[in-house]
Amino acid sequence: MANVQIVFGSNGGNTKMVCEYVGQCLEDMGHRVKIDRCEHYPEDQLTGHDLLILACSTYEHGQLEDHFKLAFWPRIQDVDLAGQKCAIIGLGDSKYDTDYNIESGRILQHYVETHNGDLIQASLMINKSPLSQLETTAKDWAKKLSDKLNTKSNRVF
Ligand SMILES: Cc1cc2nc3c(=O)[nH]c(=O)nc-3n(C[C@H](O)[C@H](O)[C@H](O)COP(=O)(O)O)c2cc1C
């Protein structure tokens with residue numbers, strides 16, 4: 001069993017829905033999951049979890065959604081994620097921008113890499129409405145994460 005913290009930024013609710021779905025999957029697989037909106041999440045609590053999942057949608061030609069960009073992003077620039085296992089969920093829709101499709105996922109990936117975090121799995125990148133991708137892509141992604149977390153906690157030294 002692992003302690004998983006999910007912190008998300010969402011404007012229209014799609015990212016929230018994906019986080020809640022992934023969180024439920026992980027709970028069903030025996031993990032303890034906390035899900036918080038980014039706006040009021042304390043930056044000094046980004047570390048100390050078995051897994052941190054950062055999630056955000058994309059707006060305005062490849063920018064992070066506003067809650068994440070304005071109320072959270074400036075506060076997390078000095079955080080050191082050394083030793084923190086991380087995973088990323090990015091959302092977007094190519095009908096709004098093909099050049100910067102799901103750019104939020106790439107921005108968050110870069111953030112983790114440049115702040116010494118440990119990305120343990122390729123990011124979950126959701127293009128267009130997440131609804132039809134929950135039971136397939138999102139569930140598979142959560143299962144792979146869970147396997148990795150279990151492998152870690154079951155390791156015999
Ligand atoms: C005004 C507007 C601008 C958008 N710009 C982009 C964009 O640049 N790139 C992208 O991939 N998706 C873009 N999107 C799509 C959203 O990221 C997508 O609908 C996402 O699922 C919204 O998630 P949320 O409901 O959690 O905010 C845009 C959507 C809107 C309404």
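Computation of the quantities below employed the complete heavy-atom set of this structure, encompassing side-chain atoms and omitting hydrogens, waters and symmetry-equivalent molecules. Order of listing sets the numbers, starting from 1, for every ligand and every atom in it.
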Heavy atom of the protein closest to atom 19 (O) of ligand 1 (residue, atom name, distance): N14 ND2, 4.1 Å
Heavy-atom donor-acceptor pair, H115 side chain to Y111 backbone, under 3.5 Å: yes
T15: numbered ligand 1 atoms lying under 4.0 Å from its heavy atoms: 23 (O), 24 (P), 26 (O)
Contact check: N101 vs ligand 1, nitrogen or oxygen atoms, below 3.5 angstrom: yes
Salt-bridge criterion met for E20 and K16 (N-O under 4.0 Å): yes
Distance filter under 4.0 Å to H61 heavy atoms, resulting ligand 1 atoms: 8 (O)
With I88, the side chain to side chain contact (heavy atoms under 4.5 Å, CB included) member among I53, L119, L52: L119
Residue part near ligand 1, for Y59, under 4.0 Å between non-hydrogen atoms: both
Nearest non-hydrogen partners of K128 and Q133, listed with the distance: O-NE2, 4.1 Å
Per-atom contacts, ligand 1 versus D97 - under 4.0 Å to a heavy atom: 7 (C), 8 (O), 9 (N)
Q121 side-chain N/O to W141 backbone N/O, donor-acceptor pair under 3.5 Å: yes
Atoms of ligand 1, numbered as shown, that sit under 4.0 Å from any heavy atom of Y96: 2 (C), 3 (C), 4 (C), 5 (N), 6 (C), 13 (C), 14 (N), 15 (C), 28 (C), 29 (C), 30 (C), 31 (C)
Atoms of ligand 1, numbered as shown, that sit under 4.0 Å from any heavy atom of N11: 24 (P), 26 (O), 27 (O)
Option whose closest heavy atom lies nearest to atom 14 (N) of ligand 1, chosen from L64, T58, L91: T58
Part of E103 within contact of ligand 1 (heavy atoms, under 4.0 Å): neither
Single-linkage hydrophobic cluster, 4.5 Å side-chain cutoff, I89 and I107 together: no
Protein contact of atom 23 (O) of ligand 1 - nearest heavy atom, named by residue and atom, plus distance: S57 CB, 3.2 Å
Closest non-hydrogen atom pair between T15 and C56, with its separation: CG2-N, 3.8 Å
Hydrophobic cluster membership, L54 vs F8, 4.5 Å side-chain cutoff: no
Which residue and heavy atom of the protein sit nearest atom 9 (N) of ligand 1, plus the separation: Y100 O, 3.1 Å
Numbered atoms of ligand 1 (with element) below 4.0 Å of I102, judged on heavy atoms: 10 (C), 11 (O)
Shortest protein heavy-atom distance from atom 12 (N) of ligand 1, along with the residue and atom involved: D93 N, 2.9 Å
Given N101, T58, T137, the one that forms side-chain hydrogen bond (donor to acceptor under 3.5 Å, both in side chains) with N127: N101
Distance-only N or O hit between ligand 1 and K16, under 3.5 Å: no
NZ/NE/NH1/NH2 to OD/OE distance under 4.0 Å, D147 and K143: yes
Polar atom proximity, G12 to ligand 1 (N or O, under 3.5 Å): yes
Contact check: G9 vs ligand 1, nitrogen or oxygen atoms, below 3.5 angstrom: no
Shortest non-hydrogen separation from A142 to L26 and the atoms involved: O-CD2, 3.6 Å
